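Here is the structure we will look at.
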Amino acid sequence: MVDVTGAAPQSRDIKQVYLEQTRAKRVMNSILLIIFAALMIAGFRTADARNAGGFWDGLPKLLDFPADVVGEAIERAHLLPGYFVEYFPSLIETVNIAAASTLLGAILGLFISLLVTRGLTPVPWLVGPLRRVLDILRAIPEIVVALVLIFLLGGGPVPAMIAIALHTVGALGKLFSEVNENASLKPVEGLQSVGASWGQQMWLGVIPQVAPNYLSYALLRFEINIRASAILGFVGAGGIGYDLRNTMSWGQGKFDEAAAIFLLLFLTIVVVDQLSSSLRNRLTHGASTAEGVV
């Protein structure tokens, strides 16, 4: 026989506990929001106090530089095609730096990702140390590594390529390892049962499952590395960033060339993004779907 009298009090107890937990969660969220706002305000005040010119004094002039660049570019629009031709070799150098660093970083990142994935690694005790290595590679900005390498090796594209490749290893190694964790182990177990080596198990059992995700992340990283290689040009690492620094440092009279470089970089990113989307769709959904993508 069911005890009906005890059902209602038990239901009220559950409701009361739920309301208490909800109130506690709201209080905690409010406290975290207040702490976040306080940290933001304190950090902004500190940054403003240490800023050389004062943030509030410079805020009204925020759009002056873009206006000068656009105005000079419009005034000398007939010269832009010539600037495109002049700086196109520097753009090719920048893309080559990004491509080489992405390829090298993806290969090393893929190999390390297999070593740090639990259930796939042949040496389990290496998982922790290698993960810390990937953390270090991601934590150190490319520009810091590039400055050290420029001091050791001299200016040029090689320091930029090494710096970006090291950061790419850390980033893609982490992403690839997360992808590996979702791979099915059944093909690996089947290959292992017939005496396949670890390399054969990875090449035939894991990589075919995750190759589309590998390609997607690698292409996304390629886009990021194009921008990174352009930024490293500001510290003497070659490429179109070096030309952009020179034109912007010159000031008035060179802003039209800076605008041409900005346009070249923008068009390059758009083209790479479209090619990346097409390749990802072809690999993941087949050629028929990719043809329908605009």
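Predicted, not measured: the structure shown is a model, and the values here were computed from it.
- Take Arg227 and apply the side-chain hydrogen bond (donor to acceptor under 3.5 Å, both in side chains) test, not counting sequence neighbours, and it matches no residue.
- A 4.5 Å side-chain heavy-atom check between Ser101 and Leu104 finds every atom pair outside the cut-off.
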Pair Leu264-Phe266, side chain to side chain contact (heavy atoms under 4.5 Å, CB included): steps then yes or no
CA-CA 5 Å; Leu264 276 175; Phe266 172 74; over 6 Å; no
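- The cluster map of Ile, Leu, Val, Met, Phe, Trp and Tyr, joined by side-chain heavy atoms under 4.5 Å apart, puts Trp203 and Val210 in the same cluster.
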Applying side chain to side chain contact (heavy atoms under 4.5 Å, CB included), run through Leu244 and Ile240 and close with a yes or a no.
CA-CA 6 Å; Leu244 181 60; Ile240 202 169; 5.7 Å; no
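- Residues Pro122 and Leu115 share a closest heavy-atom pair of CD-CD2, 3.7 Å.
- Listed by first and then second residue, the salt bridge (charged side-chain N to carboxylate O under 4.0 Å, His left out) pairs involving residues 176-205 are Arg131-Glu181, Lys174-Glu178 (not counting sequence neighbours).
- Taking CE from Met202 and CG from Leu191, the interatomic distance works out to 8.5 Å, rounded to the nearest 0.5 Å.
- Partners of Tyr87 by side-chain hydrogen bond (donor to acceptor under 3.5 Å, both in side chains), not counting sequence neighbours, listed by chain and number: Glu257.
- For the atom pair CD (Gln200) and CD (Gln192), the distance works out to 12.0 Å, reported to the nearest 0.5 Å.
- Atoms NE2 and CG, from His78 and Asp256 in turn, are 9.0 Å apart once rounded to the nearest 0.5 Å.
- Rounded to the nearest 0.5 angstrom, Leu79 CG and Glu86 CD are separated by 10.5 Å.
- By the criterion of side-chain heavy atoms lying less than 4.5 angstrom apart, applied directly or through intervening Ile, Leu, Val, Met, Phe, Trp or Tyr residues, Ile224 is not grouped with Val272; the two fall into different hydrophobic clusters.
- Looking at Asp243 and Tyr83, their side chains never bring a donor and an acceptor atom within 3.5 Å of each other.
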Give the table of side-chain donor-acceptor pairs shorter than 3.5 Å for residues 148-173, with sequence neighbours excluded, one pair per line with atom names and distance.
residue	atom	partner	partner atom	Å
His167	ND1	Arg221	NH2	2.7
His167	NE2	Arg138	O	3.2
Thr168	OG1	Ile164	O	2.7
Thr168	OG1	Asn225	ND2	3.1

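- The cluster map of Ile, Leu, Val, Met, Phe, Trp and Tyr, joined by side-chain heavy atoms under 4.5 Å apart, puts Leu220 and Leu175 in different clusters.
- Residue-environment remark: OH (Tyr242) stays at or below the threshold of 12 foreign heavy atoms within 6.0 Å.
- Residues that satisfy the side-chain hydrogen bond (donor to acceptor under 3.5 Å, both in side chains) test with Tyr217, not counting sequence neighbours, are absent from this structure.
- Here the shortest heavy-atom pairing between Gly241 and Thr94 reads N-OG1, 4.4 Å.
- For the atom pair Phe176 CZ and Leu114 CG, the distance stands at 10.0 Å (nearest 0.5 Å).
- For the atom pair CZ of Phe88 and OG of Ser90, the computed distance is 10.5 Å after rounding to the nearest 0.5 Å.
- Sequence neighbours left out, not one pair with a member in residues 95-118 passes salt bridge (charged side-chain N to carboxylate O under 4.0 Å, His left out).
- Looking at heavy atoms from C-beta onward, Phe222 lies in side-chain contact with Val95 at the 4.5 angstrom threshold.
- Proximity of a side-chain donor or acceptor of Ser278 to a complementary backbone N or O of Gln274 within less than 3.5 Å is not detected.
- For the pair Ser216 (side chain) and Pro212 (backbone), a donor-acceptor distance under 3.5 Å is absent.
- Scanning both residues, Leu232 and Ile143, for their nearest heavy atoms gives CD2-CA, 3.5 Å.
- Linking Ile, Leu, Val, Met, Phe, Trp and Tyr whenever their side-chain heavy atoms come within less than 4.5 Å puts Val133 and Phe111 in one cluster.
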Quick one, Gln201 with Val206, criterion side chain to side chain contact (heavy atoms under 4.5 Å, CB included). Give me CA distance, side-chain angles, the key distance, then yes/no.
CA-CA 7 Å; Gln201 295 171 31; Val206 176; over 6 Å; no
Walk me through whether Glu93 and Ile97 qualify under side chain to side chain contact (heavy atoms under 4.5 Å, CB included).
CA-CA 6 Å; Glu93 183 178 356; Ile97 293 172; 4.3 Å; yes
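- Considering only heavy atoms from C-beta on, Met28 stays 4.5 Å or farther from Lys25 through its side chain.
- Among all heavy-atom pairs drawn from Ala260 and Leu80, the shortest one is CB-CD2, 3.9 Å.
- Using a 4.5 Å heavy-atom threshold, the side chains of Asn180 and Val116 count as separate.
- Side-chain contact between Leu91 and Thr268 is present, with at least one heavy-atom pair separated by less than 4.5 Å.
- Leu19 is listed as a side-chain neighbour of Arg23, based on a closest heavy-atom distance under 4.5 Å.
- At least one side-chain heavy atom of Ile207 sits less than 4.5 Å from a side-chain heavy atom of Leu110.
- Remark: side-chain polar atoms of Thr121 are not paired, donor with acceptor, to backbone N or O of Thr117 under 3.5 angstrom.
- When hydrophobic clusters are built by joining Ile, Leu, Val, Met, Phe, Trp and Tyr residues whose side-chain heavy atoms come closer than 4.5 Å, directly or via intermediates, Ile92 is not grouped with Leu103.
- Between Glu142 and Val145 there is no side-chain heavy-atom pair separated by less than 4.5 Å.
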